[in-house]
Amino acid sequence: MTAQDSATRPARIAVPIPATAPRGPAPAGTHRTGTLMAALGVIAFSLTFPSTAWGLEGIGPWSFVTLRGVLSALVAGGCLLALRIAVPDRRHWAGLAVVGAGVVVGFPLLTTLALQTSTTAHAAVVVGLLPLTTAVFAALRTGARPSRTFWVAALAGAAAVIGFTVQQSGGALTTADLYLFGALLICAAGYTEGGRLAREMPGWQVIGWALILCLPLNIAGAALALPHESFHLTGHSTAGLLYAALGSQFLGLVVWYRGMAAIGVPKASQLQLAQPLLTLVWSVFLLGEHLTIAAPLTAAAVLVCIAVTQRARG
């Protein structure tokens, strides 16, 4: 090519391509399905703390968390192999690592350590703050800009849940709070990144590959923890471990990420405002805890806030 050709040839202009194509408003049916999937995820997650409390009756905290990760990874890996799912692109692995650090390792470990000294009611403070924190992470990570009405309703719902759960625990902070707040931050990051990835691959594959990514770490952790911690498979500890591994760690996250992909991370996260109340209801039946009259009042306030956030325009 001559110098003259170079001078007259039009220059190429680099146009940045967004990670995900712009999307119009989701069809009504898709929104309803996404809301249902996210709600099923919330129900599954609401049993996590009670099942963990059951598991800790016979299994040490480090053993419980690592075995939970190993079992769920084996199930996820079996599904991926049976369906011959291709390995994700290289560009997805950084996001999968964030999901793994947040929802596969970080949140289960920190909340399990907290539940050694904290009641499920007190630990529910974390879940009360999680929707708001997830919405903030989503705004920073994905560029989402929910409306002012959305934020007001989200703050009001979070305040109602926090006030209720703190009142249930007697209003006293415990040494487990550092674990709980750490779990809150790392889980919000994992939820946000998982919701973003679920727009590019099915939600069950997001959590499946994140579990596989963390499998070597969980196997090593289990090998180190089991010889030094108690391990007694009673009815409660076995049921708690199996539910935490399969119901919460795998199936719950499958429907949760599918819901987030359909209706968006901020709106899906607000459905979790109901999770602390569901956890307290399960705690009555499974752990023998007692609720005050504040429960139905808080439930009504939370449902109003959820309705507002679902209707608010982003």
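In this text the structure is predicted, and so the values were computed from the model without any measurement.
- Of the possible donor and acceptor atoms, none in the side chain of Ser118 sits under 3.5 Å from a partner among the backbone N and O of Leu115.
- Counting all heavy atoms, side chain and backbone alike, Phe64 lies closest to Ala244 at CZ-CB, 3.7 Å.
- In this structure, Val87 is a member of the same hydrophobic cluster as Val104, with clusters built from ILVMFWY side-chain heavy atoms closer than 4.5 Å.
- Put simply, the side chain of Ser51 gets close to the backbone of Thr48: a donor and an acceptor are under 3.5 Å apart.
- In this structure a side-chain-to-backbone donor-acceptor pair under 3.5 Å is missing from Glu193 to Gly102.
- Here the closest heavy-atom approach between residue Arg68 and residue Ala245 is recorded as O-CB, 3.5 Å.
- Within the 4.5 Å cutoff, side-chain heavy atoms of Tyr257 are placed close to those of Tyr191.
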Give the C-alpha distance, both sets of side-chain angles, the deciding distance and a yes or no for side chain to side chain contact (heavy atoms under 4.5 Å, CB included) between Val308 and Phe150. CA-CA 7 Å; Val308 173; Phe150 176 95; over 6 Å; no
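- Taking every heavy atom of both residues into account, Cys187 and Phe107 meet most closely at CB-CD1, 3.4 Å.
- Of the residues Leu129, Ile186, Leu110, the one that meets the side chain to side chain contact (heavy atoms under 4.5 Å, CB included) test with Phe181 is Leu129.
- Taken together through direct or relayed side-chain contacts under 4.5 Å among Ile, Leu, Val, Met, Phe, Trp and Tyr, Val65 and Leu253 form parts of separate hydrophobic clusters.
- The shortest side-chain heavy-atom distance between Leu67 and Leu226 falls under the 4.5 Å cut-off.
- With hydrogens and angles ignored, the 3.5 Å screen pairs a side-chain donor or acceptor of Tyr243 with a backbone N or O of Ala44.
- Put simply, Leu83 and Leu246 are part of the same group of oily side chains (I, L, V, M, F, W, Y) that touch within less than 4.5 Å, one to the next.
- Minimum interatomic distance between Ala176 and Thr117 (heavy atoms only, all atoms of both residues): CB-OG1, 3.7 Å.
- Side-chain atoms of Glu229 come within 3.5 Å of backbone N or O of Ser63 as a donor-acceptor pair.
- No continuous path of ILVMFWY side-chain contacts below 4.5 Å connects Leu185 to Val103, so the two sit in separate hydrophobic clusters.
- Considering every non-hydrogen atom in both Ala76 and Phe250, the closest pair reads CB-CE1, 3.6 Å.
- Other residues, nucleotides and ligands contribute over 12 non-hydrogen atoms within 6.0 Å of the CZ atom of Phe45.
- Scanning both residues, Val99 and Ala210, for their nearest heavy atoms gives CG1-CB, 3.8 Å.
- Legend: residues meeting side-chain contact (heavy atoms from CB on, under 4.5 Å) with Ala188, ordered by chain and number and at least two apart, are Leu130, Thr133, Thr134, Phe137.
- Side-chain contact between Leu287 and Trp282 is absent, with no heavy-atom pair separated by less than 4.5 Å.
- Side-chain contact between Tyr179 and Thr111: absent, with no pair of heavy atoms (C-beta onward) separated by less than 4.5 Å.
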Begin from the C-alpha positions of Ile59 and Leu233 and carry the test side chain to side chain contact (heavy atoms under 4.5 Å, CB included) through to its verdict. CA-CA 8 Å; Ile59 306 173; Leu233 290 179; 4.2 Å; yes
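- Side-chain contact, Ser283 with Thr120: a donor N or O sits under 3.5 Å from an acceptor N or O.
- Between the side chain of Trp93 and the main chain of Pro88, a donor-acceptor pair closer than 3.5 Å is present.
- Side-chain heavy atoms closer than 4.5 Å link hydrophobic residues (I, L, V, M, F, W, Y) into clusters, and following such links, possibly through other members, connects Ile43 to Phe49.
- Taking the side chain as every heavy atom from C-beta outward, Thr238 and Leu242 approach each other to under 4.5 Å.
- Note: Leu211 CG to Asn218 CG = 8.5 Å, rounded to the nearest 0.5 Å.
- Other cluster members for Leu215: Val70, Leu74, Ile219, joined by side-chain heavy-atom distances under 4.5 Å among Ile, Leu, Val, Met, Phe, Trp and Tyr.
- Between Thr279 and Pro50 the shortest side-chain heavy-atom distance falls below 4.5 Å.
- Counting only heavy atoms from C-beta outward, the side chains of Pro202 and Arg258 never approach each other to under 4.5 Å.
- Around the CH2 atom of Trp62, the shell of radius 6.0 Å holds no more than 12 heavy atoms that belong to other residues, nucleotides or ligands.
- With contacts defined as side-chain heavy-atom distances shorter than 4.5 Å, the pair Glu200/Gln205 does not qualify.
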